[in-house]
Amino acid sequence: QVQLVESGGGLVRPGESLRLSCAASGFTFKDYAVAWFRRAPGNGREGITCTTSSGDRPYYIDSVKGRFTISRDNAKNTMYLQMNTLRPEDTATYYCAVDLQINGATWCTLDGAEHDYWGQGIQVTVSS
């Protein structure tokens with residue numbers, strides 16, 4: 001069955017970096033667009049970045065643009081979120097997700113309803 005498993009979260013100080021990983025299994029990872037979402041305490045789920053099946057043309061929301069980088073290694077069935085210059089407002093539970101709607105997707109979306117499977121979530125806390 002489809003599984004997405006995040007790792008790499010933790011507690012860091014403002015300005016520091018963290019890299020999240022998401023290991024995928026149960027489907028042909030290289031064929032589908034993927035995304036990262038987060039949910040901060042008291043807030044709704046927020047899509048922050050996505051990328052196509054090939055990993056080109058990533059999209060970022062303004063609040064993470066220039067600080068976060070999404071990438072994927074299709075040979076390892078793994079996607080990543082490199083987070084630099086972290087801020088307290090980045091504190092949230094982070095989720096990876098896959099959009100299985102289109103094989104070979106050349107575009108991606110941050111609409112959560114379009115994503116079929118989700119990881120269990122991993123906590124990132126940014127605090128001094």
Side-chain angles (χ1 to χ4, degrees):
Q1 73 274 24
V2 174
Q3 280 195 314
L4 299 170
V5 180
E6 298 103 338
S7 61
L11 170 64
V12 295
R13 298 181 186 276
E16 294 184 341
S17 299
L18 207 58
R19 188 176 83 154
L20 303 183
S21 299
C22 174
S25 60
F27 66 102
T28 307
F29 179 73
K30 67 179 179 62
D31 287 342
Y32 299 98
V34 293
W36 287 94
F37 293 77
R38 66 185 179 187
R39 187 190 299 272
N43 291 354
R45 184 177 61 199
E46 176 184 44
I48 58 173
T49 179
C50 65
T51 190
T52 61
S53 57
S54 63
D56 61 359
R57 290 190 286 172
Y59 176 81
Y60 301 92
I61 60 171
D62 286 345
S63 61
V64 307
K65 196 175 297 181
R67 300 188 299 122
F68 289 13
T69 303
I70 187 172
S71 62
R72 61 190 299 164
D73 185 336
N74 286 341
K76 295 182 178 179
N77 291 342
T78 302
M79 58 189 284
Y80 304 96
L81 181 65
Q82 177 67 44
M83 303 184 291
N84 298 330
T85 319
L86 282 160
R87 305 167 179 167
E89 55 264 38
D90 295 318
T91 295
T93 302
Y94 284 72
Y95 301 86
C96 56
V98 61
D99 176 359
L100 297 180
Q101 303 303 312
I102 299 177
N103 187 313
T106 57
W107 55 277
C108 65
T109 175
L110 292 182
D111 181 351
E114 296 294 325
H115 290 78
D116 304 271
Y117 290 93
W118 298 76
Q120 80 283 2
I122 193 161
Q123 181 65 34
V124 172
T125 302
V126 185
S127 175
S128 56

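Just so it is clear, the values below take in all heavy atoms, side chains as well, and ignore hydrogens, waters and symmetry mates. Position 1 is the first residue of the sequence; numbering continues from there.
- No close placement of the Phe68 and Trp36 rings is indicated, their centers lying 6.0 Å or farther apart.
- Looking only at side-chain heavy atoms (C-beta outward), Glu6 and Leu20 stay at 4.5 Å or farther from each other.
- Arg38 has its side chain within reach of Val64: a pair of non-hydrogen atoms, C-beta onward, lies under 4.5 Å apart.
- The main-chain N or O of Cys108 is never found under 3.5 Å from a side-chain atom of Arg57 such that the two would form a donor-acceptor pair.
- Tyr95 and Ile122 are not part of a single hydrophobic cluster, where members link through side-chain heavy atoms under 4.5 Å apart.
- Closest approach of Val34 and Ile70 over heavy atoms only: O-CD1, 4.2 Å.
- Within 6.0 Å of atom NZ in Lys65, more than 12 heavy atoms from other residues, nucleotides or ligands are found, so the atom counts as buried in its surroundings.
- The pair Asp90-Arg87 does not count as a salt bridge, with every side-chain nitrogen at least 4.0 angstrom from each carboxylate oxygen.
- Cation-pi check for Arg72 over Phe29 is met; the charged atom lies under 6.0 angstrom from the ring centroid and within 45 degrees of its normal.
- Between Val126 and the options Thr91, Leu11, Leu18, a side chain to side chain contact (heavy atoms under 4.5 Å, CB included) holds for only Thr91.
- Under the side-chain hydrogen bond (donor to acceptor under 3.5 Å, both in side chains) criterion, Thr93 pairs with Gln123, not counting sequence neighbours.
- Scanning both residues, Ala113 and Asp111, for their nearest heavy atoms gives N-OD1, 2.9 Å.
- To the nearest 0.5 Å, atoms CD1 (Ile48) and CZ (Arg67) are separated by 9.0 Å.
- Expressed to the nearest 0.5 Å, how far OG1 of Thr52 lies from CG of Asp31 amounts to 11.5 Å.
- At distances below 3.5 Å, at least one donor-acceptor pair connects side-chain atoms of Ser53 with backbone N or O atoms of Ala105.
- Cluster partners of Trp107, by chain and number: Ile102. The rule joins Ile, Leu, Val, Met, Phe, Trp and Tyr whenever side-chain heavy atoms lie under 4.5 Å apart.
- The environment of CZ in Phe27 is crowded: more than 12 heavy-atom neighbours from other residues, nucleotides or ligands sit within 6.0 Å.
- A donor atom on one side chain and an acceptor atom on the other are found under 3.5 Å apart for Ser17 and Asn84.
- Considering NZ of Lys30 and CG of Asp73, their distance stands at 13.5 Å, rounded to 0.5 Å.
- The nearest pair of heavy atoms linking Cys50 to Thr109 is SG-N, 3.7 Å.
- Of the inter-residue distances, the one linking Thr106 atom OG1 with Asp56 atom CG reads 8.5 Å to the nearest 0.5 angstrom.
- The nearest pair of heavy atoms linking Asp116 to Gln101 is OD1-NE2, 2.7 Å.
- Residues Asn77 and Asn74 share a closest heavy-atom pair of OD1-O, 3.3 Å.
- Between Trp118 and Phe37, the ring planes lie tilted relative to each other; the angle falls in the 30° to 60° range.
- Follow the hydrophobic side-chain contacts under 4.5 Å out from Met79 and you reach Val2 in the same cluster.
- Put simply, the side chain of Thr69 does not reach to within 4.5 Å of the side chain of Tyr80, judged on heavy atoms.
- At distances below 3.5 Å, at least one donor-acceptor pair connects side-chain atoms of Arg13 with backbone N or O atoms of Ser128.
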